[in-house]
Amino acid sequence: AVAGPPSRRGFGSRVIEGTIADQLGGRAECRWEAEGLACEVAVPLARALAFGDKGAAVAAGVAA
C-alpha cells in the first residue's frame with residue numbers, strides 16, 4: 001500500500017508523459033491508488049503501427 005501521491009512530480013514522470021504526448025501524440029494518466037501506482041497510456045494506432053511488428057503487438061495487446 002502507498003500513503004498517497006508524492007509531493008512533486010519527478011523527472012521520470014515528466015519524461016514518460018512528455019514522450020507519449022510530444023513524440024507519440026498520445027496521453028498518459030497516472031493515478032496513485034491505495035494498492036499502488038496505476039497508469040493508463042493511449043497512443044494513436046497509426047503511431048503504434050509505425051514501429052513495425054513490435055508496434056503491432058502492442059496495438060493488439062500482446063507483449064512483444
Heavy-atom pair with the smallest gap, counting every atom of Val43 and Ile20:
CG2-CG2, 4.4 Å
Contact list for residues 4-16, test salt bridge (charged side-chain N to carboxylate O under 4.0 Å, His left out), sequence neighbours left out:
Arg9-Glu17
Would you please name every residue forming a side-chain contact (heavy atoms from CB on, under 4.5 Å) with Leu37, sequence neighbours left out?
Cys30, Trp32, Cys39
For Glu40, give me all partners under side-chain contact (heavy atoms from CB on, under 4.5 Å), at least two apart in sequence or on another chain.
Arg27, Arg31
